[in-house]
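Before any comments, here is the structure.
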Amino acid sequence: MTGGDAALWQGFTDFHSHLFPAVDDGSQSVAQSLGALAQFAGQGAATCLTTPHFDASLTKLPAAFAARLEAFDAAWAALEAAHAAYEGPALPRIARGVELMLDDPDPDLSDARLRLAGGPFVLVEFPAMQLPPNAEWAMHNLRRQGWRPIIAHPERYRNHDARLTVLSRCRAAGAHLQVNAGSFLGQHGERARTVANVLLSLGWIDYLASDFHARGEPSTAKAAALLARRGAAAQVQRLTVENPARILSGDGPLPVAPVESVQARSWWGRALARLLGER
Ligand SMILES: [Fe+2]
């Protein structure tokens, strides 16, 4: 990585991580969360919006809903206090949201704690790494209520067809797409890496984020450097800095230009078709 490359993502906003201490499969302590934030600072992050797992179905179960959010509030308060008292090198600013598992396609998102920094955007995923055939219905539904769904790591779903039909319908319904930085490094397997590259070549990715679980290191800088080396410097800047920052001001993402040439795009398309056993 060169210093010039690193400037591309300097001041980035990461909005997908699991750094609320001890509420999900991410960080298990305040100290671990602070360590993770220090790693983000080392990579140039200005802001980390952290997003513990939350089941959408809880919004229909008042007692369970209150209990889960109470646990989140306590963890968040502990993290905020430790962040404020931290005396080492400057840490990124922190803000909260959730990664909403759409086990119910029609959740009530009126509680601001379920949305990214309390604004209109909500980070969503679907159960069992399968994109439901009618996923766009949930996207329409959220948009109709004034929310802006961002689908987390679409490249990781295991049931895409070679034309990415369902994802295409979700985009048409107004959903935005957040790819995990680590997918470009093969951290979620070859299929996810291939789909991530196809999405990049199509210009469908709106955001890159880390989905960091406080193990190892955030993948942001390595993935951004890799894409910059492949000639996607302008896209890297938009995917890591510009578009994520717009979430905090309530603005939608700016378009991201397709990365590969037409030939390369068809190469990735063929690779995806091969991977999925289609011709
Ligand atoms: Fe996540």
Side-chain angles (χ1 to χ4, degrees), residues 12-29 32-33 35-37 39-40 43 45 47-58 68-69 71-72 75-76 79 92 94-104 107 109 113-117 121-132 135 138-139 142 147-158 167 170 175-189 191-193 195-196 199 205-223 239-240 243-244 247:
F12 71 92
T13 296
D14 188 81
F15 66 91
H16 182 171
S17 67
H18 298 268
L19 304 183
F20 275 52
V23 301
D24 65 4
D25 57 344
S27 165
Q28 294 306 306
S29 69
Q32 207 181 351
S33 301
L37 290 169
Q39 288 176 301
F40 274 114
Q43 295 192 11
T47 306
C48 287
L49 251 150
T50 184
T51 50
H53 293 289
F54 191 95
D55 289 341
S57 55
L58 291 183
R68 184 80 170 135
L69 279 180
F72 281 14
W76 178 249
L79 179 59
I94 53 172
R96 64 185 284 185
V98 302
E99 181 177 17
L100 190 73
M101 171 65 77
L102 289 176
D103 58 347
D104 178 322
L109 300 186
R113 292 172 291 182
L114 302 181
R115 308 190 311 264
L116 296 175
F121 291 88
V122 57
L123 184 65
V124 300
E125 64 174 341
F126 296 93
M129 284 296 160
Q130 301 282 317
L131 203 52
M139 302 299 105
L142 293 172
W147 311 130
R148 310 278 308 256
I150 299 174
I151 299 177
H153 43 64
E155 75 282 8
R156 297 192 62 196
Y157 290 103
R158 301 195 187 101
L167 207 53
C170 287
H176 308 300
L177 304 186
Q178 173 260 304
V179 163
N180 279 4
S183 290
F184 287 105
L185 308 174
Q187 289 173 357
H188 300 299
R191 175 186 293 235
R193 177 170 14 208
V195 176
L199 294 173
I205 307 177
D206 298 293
Y207 313 96
L208 269 194
S210 69
D211 196 2
F212 190 46
H213 280 66
R215 287 186 290 279
E217 59 174 4
S219 301
T220 313
K222 269 191 190 146
L239 291 167
T240 59
N243 279 348
I247 291 173

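Atoms within a ligand are numbered from 1 in the order they appear, just like the ligands themselves. The analysis underlying the following values was restricted to heavy atoms, covering all of them including side chains, and did not include hydrogens, waters or symmetry mates.
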Short N/O/S contact of His16 with the Fe ion (ligand 1) (below 2.8 Å): yes
Pair Glu217 + Lys222: basic N to acidic O under 4.0 Å: yes
Atom name in Glu99, limited to N/O/S, at shortest distance from the Fe ion (ligand 1): OE1
Within-4.5 Å side-chain heavy-atom neighbours: Glu155 and Asn180: yes
His16 and Gln178 side chains, donor-acceptor separation under 3.5 Å: yes
Phe15 and Phe121 aromatic centres sub-6.0 Å: no
Whether His213 has an N, O or S atom under 2.8 Å from the Fe ion (ligand 1): no
Heteroatom of Asp211 nearest to the Fe ion (ligand 1) (N, O or S, atom name): OD1
